[in-house]
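Notes follow the structure.
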Amino acid sequence: MAQGQIASTSREISLTESSRFDRLFEHIELIAALLSGLFIFIGWLSSQWNHETFSIAFYLLAFIIGGYAKAKEGIVDTVKNKELNVEMLMILAAIGSAVIGYWTEGAILIFIFSLSGALETYTMNKSQKEISSLLEIQPETATRIIQGKEKVIHVSLLEVGDHIIVKPGERIPADGKIIEGTTTIDESTISGESVPVTKGIRAEVFAGTININGSVIVEVMKQANETVFQKIIDLVQSAQSEKSPSQLFIERFESIYVKIVLLVVLIMMVVPHFLFDWSWNTTFYRAMILLVVASPCALVASIMPVTLSAISNGARNGILFKGGVHLEALSHVKAIAFDKTGTLTKGRPEVTDIIVRTGTDDTNLLHTIASIENRSNHPLAQAIVDFWKKTHDQPLLQPEKIEDIPGWGLKGWLHHQEWWIGKKDFVGLEEALAFENEAAMKLENEGKTVVYVKDSIGIVAAIGLQDIVRKESKHALILLKNEGIRTIMLTGDSKNTARNIAQQSNIDEYIAECLPETKVSSLKMLKDKYGVVAMVGDGVNDAPALATANIGIAMGEGSDVAMETADVVLMKNDLSRIAEAIRLSKKMNRIIKQNIIFSLTVILLLIASNFLQFLNLPLGVVGHEGSTILVILNGLRCLRG
């Protein structure tokens with residue numbers, strides 16, 4: 001075997017061993033808890049065989065191994081924050097149990113406490129799974145093409161404008177657009193959609209997505225640290241570090257509650273001996289049980305695991321929350337305001353109507369119009385050209401001459417004939433108004449933009465164009481209505497256009513002719529009227545409104561400013577995800593309430609049972625720690641859809 005092969009094999013073995021060690025280290029808390037349980041069992045067997053010294057030795061091992069992680073966490077946090085915490089209560093309870101001779105009960109307390117801690121760590125790790133998987137699939141290298149030659153480089157070295165080749169089966173290393181080739185791409189890591197998308201020249205592609213079956217050349221549009229993929233990672237990591245109002249309240253409550261419990265336990269260690277004539281042993285025993293059952297472990301674990309699970313679920317489905325506070329607040333939304341262009345609609349005009357002069361060959365006419373408009377960069381002109389290309393296979397003609405009149409339209413010469421294409425004032429106002437029995441005016445009254453075409457005889461055609469409502473928008477608005485949410489459209493368009501789009505999309509209300517500052521004042525009015533209001537937008541001009549709303553929701557394909565300003569980002573322009581996010585928020589808040597009510601009820605029942613002397617230490621341990629495990633498991637339900 002060659003030296004290179006030996007080195008390669010050794011490296012592979014080393015990496016395998018390293019990954020095994022990493023996986024083992026991930027479960028170190030669980031392993032410690034299970035070892036603690038094993039030593040408790042051996043200690044119990046030793047006590048049954050009257051080997052008390054061996055029994056206590058194994059119980060001590062169980063204390064040290066099972067309690068080390070939580071004891072360290074409790075002591076470090078206490079010193080750092082100068083506040084007592086739940087971990088310290090458990091340590092004191094376990095030591096107190098051992099002092100009065102209840103080694104088994106104290107060890108079981110440590111075992112179950114460490115087991116619940118391991119389960120909580122598992123929940124945290126589970127909630128990080130989506131981010132970890134994204135980091136693992138993030139491409140590290142790219143094949144750059146320079147002067148026809150391919151060179152593999154690190155993605156951090158890519159610059160905007162570089163050309164890279166992406167072969168079948170490879171992950172796309174950077175955001176860009178296809179300049180050569182056609183392929184099918186799996187974009188599930190970005191959008192959450194499992195169905196692959198076919199893309200050709202000029203189509204956008206995103207880093208981290210998989211090129212399935214075609215070789216394409218991509219022009220890099222963003223550097224590695226600015227890709228949509230990287231933004232997903234940054235947004236979710238940021239969200240997981242933020243705490244919801246409920247979590248912050250519980251943390252403040254925990255500090256006060258722990259002090260109260262310790263004070264009551266100190267009183268309990270003395271007063272019942274004189275007040276109820278209990279023996280000192282019974283008094284101390286009951287005080288230790290109180291220390292165990294009154295600890296708010298389950299209450300503390302009621303919120304954070306649930307929140308992290310919900311954030312992780314959202315990330316998996318293309319819904320990014322910038323913090324638990326926004327996820328928690330989303331369930332209280334009563335109304336949602338939508339920007340029109342690019343949010344409810346596709347953001348580009350499309351041909352909806354063509355009216356031609358009686359007796360005219362509409363195919364030849366449209367061919368001529370598209371050939372002339374092909375020489376213009378105006379969105380309306382390009383919409384007419386795209387319509388021709390979608391509906392006909394004939395190549396476009398080359399006009400003899402083009403004259404662009406900015407703000408009005410085009411003059412074109414084709415087949416030695418002059419054509420005028422543009423506004424009604426450009427081709428003749430009176431003639432335009434009367435064209436085909438005022439048919440074109442009906443289009444304008446419907447809020448559509450009309451392009452008029454004139455030849456040497458007179459007006460020959462009127463083409464109606466409109467920014468089309470997305471199919472998914474209609475479905476999304478129905479879902480929101482089912483959730484009892486009022487929908488409002490904010491648009492800078494005229495009232496006619498706004499009314500027409502509102503009717504098509506089944507939106508409840510609309511506010512037309514909005515400037516960016518008007519959107520802000522409109523949102524303030526909506527907040528006064530409905531209470532908690534969300535705003536959905538995608539453009540730079542939507543940023544002030546997104547910031548003004550109680551919750552700002554940005555479209556993932558929108559501007560960077562909108563994404564930075566918003567509290568929630570939809571990684572695909574699919575508005576139906578908003579209803580999903582609201583349902584997820586409601587589910588999370590419902591589970592949090594269940595956990596809090598359940599944990600408080602268990603604590604009160606256990607405390608009452610202890611005062612009435614119905615409860616012994618083992619049952620107190622099982623009841624208290626069992627409730628903690630149950631609320632954590634209940635929180636894991638948010639990981640599911």
Side-chain angles (χ1 to χ4, degrees), residues 1-19 22 130-237 315 318 320 556-560 563-564 571-572:
M1 183 183 290
Q3 286 187 352
Q5 289 177 308
I6 293 171
S8 177
T9 304
S10 300
R11 193 159 51 245
E12 286 175 10
I13 292 170
S14 175
L15 286 170
T16 303
E17 289 175 351
S18 175
S19 62
D22 289 342
E130 301 306 321
I131 301 307
S132 299
S133 63
L134 284 176
L135 288 169
E136 287 171 9
I137 64 175
Q138 190 171 24
E140 293 185 359
T141 61
T143 306
R144 184 166 61 185
I145 301 173
I146 303 175
Q147 296 178 346
K149 293 182 179 180
E150 297 179 11
K151 183 180 180 181
V152 178
I153 61 169
H154 195 273
V155 291
S156 61
L157 300 176
L158 287 175
E159 297 289 341
V160 174
D162 282 351
H163 291 180
I164 55 175
I165 184 167
V166 186
K167 298 171 184 177
E170 291 182 347
R171 290 191 181 273
I172 294 169
D175 285 9
K177 63 180 179 182
I178 296 173
I179 59 173
E180 187 178 317
T182 303
T183 187
T184 304
I185 296 176
D186 177 357
E187 294 188 333
S188 56
T189 53
I190 298 291
S191 66
E193 288 290 343
S194 58
V195 180
V197 182
T198 300
K199 296 199 173 189
I201 293 173
R202 290 190 295 179
E204 279 190 300
V205 293
F206 304 101
T209 56
I210 303 171
N211 181 25
I212 296 177
N213 59 11
S215 183
V216 291
I217 295 177
V218 175
E219 181 180 338
V220 176
M221 304 299 289
K222 293 180 182 176
Q223 292 185 323
N225 62 346
E226 297 176 343
T227 63
V228 170
F229 189 85
Q230 187 60 45
K231 283 177 182 174
I232 293 175
I233 295 170
D234 293 343
L235 284 170
V236 181
Q237 285 178 334
L320 304 186
E557 295 174 11
S559 68
D560 289 345
M563 288 180 67
E564 290 295 328
M571 290 318 299
K572 190 177 180 183

Working to the nearest 0.5 Å, report the span between [atom1] of [X] and [atom2] of [Y].
X: Glu170; Y: Ile212; atom1: CD; atom2: CD1; value: 13.5 Å
X: Glu204; Y: Thr209; atom1: CD; atom2: OG1; value: 11.5 Å
X: Asn211; Y: Ile178; atom1: CG; atom2: CD1; value: 7.5 Å

What pair of heavy atoms forms the shortest contact from [X] to [Y], and how long is it?
X: Gly169; Y: Ile210; result: O-CG2, 4.3 Å
X: Gly176; Y: Met221; result: CA-CG, 3.3 Å
X: Thr183; Y: Gly214; result: OG1-N, 3.0 Å

Identify each donor-acceptor pair in which a side-chain atom of residues 141-154 lies under 3.5 Å from a protein atom, sequence neighbours left out, and give them as a table.
unit_1 : atom_1 : unit_2 : atom_2 : d
Arg144 : NH1    : Asp162 : OD2    : 3.1
His154 : ND1    : Ser156 : N      : 3.1
His154 : ND1    : Ser156 : OG     : 2.9

pair Val160-Gln223: side-chain heavy atoms closer than 4.5 Å: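 Contact flag for Val160/Gln223 side chains = yes.
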Could you check whether any side-chain heavy atom of Lys177 comes within less than 4.5 Å of a side-chain heavy atom of Glu219, counting everything from C-beta outward?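 Yes, close enough: below the 4.5 Å cut-off.
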According to side-chain contact (heavy atoms from CB on, under 4.5 Å), who are the partners of Thr182, at least two apart in sequence or on a separate chain?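 For Thr182, the residues satisfying side-chain contact (heavy atoms from CB on, under 4.5 Å) (neighbours in sequence not counted) are Thr198.
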